[in-house]
Amino acid sequence: MAAPTTLGENLRAQGVSRRGFLKLCAATASMLALPPSMVPRIAHALEATRRPSVIWLSFQECTGCTESLTRSQAPTLDELILDLISLDYHHTLQAAAGEAAELARHQAMEANPGQYLVIVDGSIPGPDANPGFSTIAGHSNYDILMETVANAAAVIAVGSCAAFGGLPAADPNPTGARSVMDLVADKPVVNISGCPPIPMVITGVLVHFLTFGRLPELDEYRRPMAFYGQSIHDRCYRRPFYDRGLFANTFEDEGARKGWCLFRLGCKGPTTYNACATAHWNAGTSWPIQSGHPCLGCSEPSFWDGGGFYEPLSVPTTATATTLLAAAAAGAVVGGATTARAKKQTRNLVAERQPVTVEELEKKL
Amino acid sequence: MSELDRIPVVAEQARDDTQCSPLGLPASVNPILQEIRYALERLIANGEEHRIDLSALPCGPADLERLTELLGTGEVQARVEALGPTLIQETAVPGVWFVDYQDAPARRLVRHIEIALVPQMLRPQPQDLEAAITLLDARCEQETSGSPPQSREA
Ligand code: SF4
């Protein structure tokens with residue numbers, strides 16, 4: 001049998017019936033906050049869509065974002081949705097290594113110019129930083145990022161490091177770490193922040209892109225509104241206790257035992273936007289506040305520098321000037337007329353890129 | 001998780017005097033009933049179907065319990081096995097159904113109220129129907145050739 005080419009064919013080949021597919025679409029519409037009347041449109045679009053090529057780049061990160069996505073319990077909707085893409089490069093997951101791995105990335109870029117998606121986890125030492133702080137095959141993260149996004153349809157920054165700089169960018173930011181949106185100016189960038197981000201959000205953005213051919217509506221930090229549109233505090237089941245002024249003051253007191261509000265224990269829920277309260281973690285088992293721990297605010301810019309995790313909130317955490325760029329309108333996929341030019345550009349970028357030299361390392365240290 | 005059950009949190013009743021609708025129902029339930037009523041009018045008039053995503057509404061468990069109680073239980077119950085169970089329950093109001101989509105370990109994915117003659121999940125999907133005669137013929141052929149018919153694959 002020929003390799004499946006559309007998502008529908010791919011699902012059929014995996015034994016997913018059309019009723020099962022309909023269920024997948026109903027759940028997806030709900031998670032993207034789309035009305036149930038959109039379910040047939042999602043089903044129709046996904047059935048006919050070809051599996052998009054995805055290149056996943058990992059830079060200064062802890063692999064927690066990949067763990068978040070791949071450690072979900074089988075079989076989940078997230079996994080099924082992930083089967084809808086062609087993950088052509090992910091150096092943590094792929095079998096190929098070394099030159100063969102890099103070749104796979106170049107082939108995916110050349111075969112799908114203007115159409116492939118780039119997912120990035122981890123922050124990047126900026127163009128002014130020592131390029132040797134983080135390299136792949138001797139090339140700086142910055143060069144690899146710029147080369148790979150040059151002909152991408154869109155870039156998805158997964159996790160707070162890629163979205164806002166994260167832990168590597170925390171004061172004093174020794175590696176000059178920058179976020180993807182700091183560096184990529186001419187491509188649609190969507191941020192899926194969180195440390196790690198919720199797997200369902202990653203797959204939700206992919207489904208939206210596949211269904212509508214564009215990124216979902218984004219907030220001021222370029223995060224999808226469907227997941228980051230409301231604060232943790234607004235959706236928290238402990239909110240009635242907050243409203244009545246009933247707080248836990250220590251982790252052992254009566255308030256803690258009775259499940260009262262964790263604000264005085266440092267909860268950042270009022271200034272944090274994410275979907276933990278509704279999506280939950282670990283196969284829907286629980287989420288930090290349900291487990292009795294205050295929200296750390298991990299999906300907000302500069303959360304590592306926002307004061308002590310257990311200090312009650314007094315000032316809202318805010319973005320630094322460099323991370324607060326105006327949200328760009330989501331771009332359409334690059335058209336056929338530019339394809340040849342894009343291919344050539346990719347080859348040129350690969351040919352021109354130079355490995356980091358010892359002199360460079362010494363000079364900039 | 002048994003540990004979680006020990007957290008002594010009691011679900012708040014959303015209902016209080018200021019929140020009650022003229023019908024004496026929680027304020028969040030009344031708009032849903034209006035939407036169901038309007039959808040029923042359209043179903044009766046021109047067969048138009050409608051779905052309401054209950055997980056997207058700002059209703060607490062107590063509100064949904066009241067809504068379920070009010071709509072009552074009808075004669076039809078069905079279960080569809082496709083990527084986990086989907087439980088379908090007719091309400092006491094003809095044409096109004098609860099459709100509970102669950103994943104393989106039977107966790108709820110989303111719950112809809114569907115206003116339709118028959119819920120979409122129970123009907124054969126159009127592309128499957130197109131292949132129905134070919135499938136029947138293949139099964140008859142298998143029967144006459146002596147090999148046991150295969151159960152229907154996706
Ligand atoms: S626990 Fe946190 S998020 Fe929940 S109500 Fe209290 S302050 Fe808000």
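Since we're looking at a predicted model, the values are computed, not measured. When reading the values below, keep in mind they use all heavy atoms of this one structure, side chains included, and skip hydrogens, waters and symmetry mates. In the text below, chain A, chain B and the rest are named by the order of the sequence lines, each starting its count at 1.
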Rounded distance [0.5 Å steps], [atom1] in [X] versus [atom2] in [Y]:
{"X": "B:L83", "Y": "A:L22", "atom1": "CG", "atom2": "CG", "value": "10.5 Å"}
{"X": "B:Q125", "Y": "A:S17", "atom1": "CD", "atom2": "OG", "value": "8.0 Å"}
{"X": "B:Q127", "Y": "A:H44", "atom1": "CD", "atom2": "NE2", "value": "9.0 Å"}

Just wondering, are more than 12 heavy atoms of other shown residues or ligands nearer than 6.0 Å to [atom1] in [X]?
{"X": "B:I133", "atom1": "CD1", "result": "no"}
{"X": "A:F251", "atom1": "CZ", "result": "yes"}
{"X": "B:E69", "atom1": "CD", "result": "yes"}
{"X": "B:R42", "atom1": "CZ", "result": "yes"}

From CA spacing to verdict: side-chain contact (heavy atoms from CB on, under 4.5 Å), A:K23, B:T86: CA-CA 8 Å; A:K23 173 191 285 189; B:T86 300; 2.9 Å; yes
Interface moiety of A:S37 toward chain B, non-hydrogen atoms closer than 4.5 Å: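 For A:S37, there is no contact with chain B at all, as no heavy atom is under 4.5 Å.
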Shortest non-hydrogen contact from B:L109 toward A:A27: CB-CB, 4.1 Å
Region of B:E49 that comes under 4.5 Å of a non-hydrogen atom in chain A: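 When you check distances to chain A, no heavy atom of B:E49 falls under 4.5 Å.
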Positions in residues 116-124 of chain B that reach chain A, provided some heavy atom is under 4.5 Å away: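 From residues 116-124 of chain B, the residues near chain A are B:Q120, B:M121, B:L122, B:R123, B:P124.
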For B:Q77, all residues meeting side chain to side chain donor-acceptor pair (under 3.5 Å), sequence neighbours excluded: B:Q89
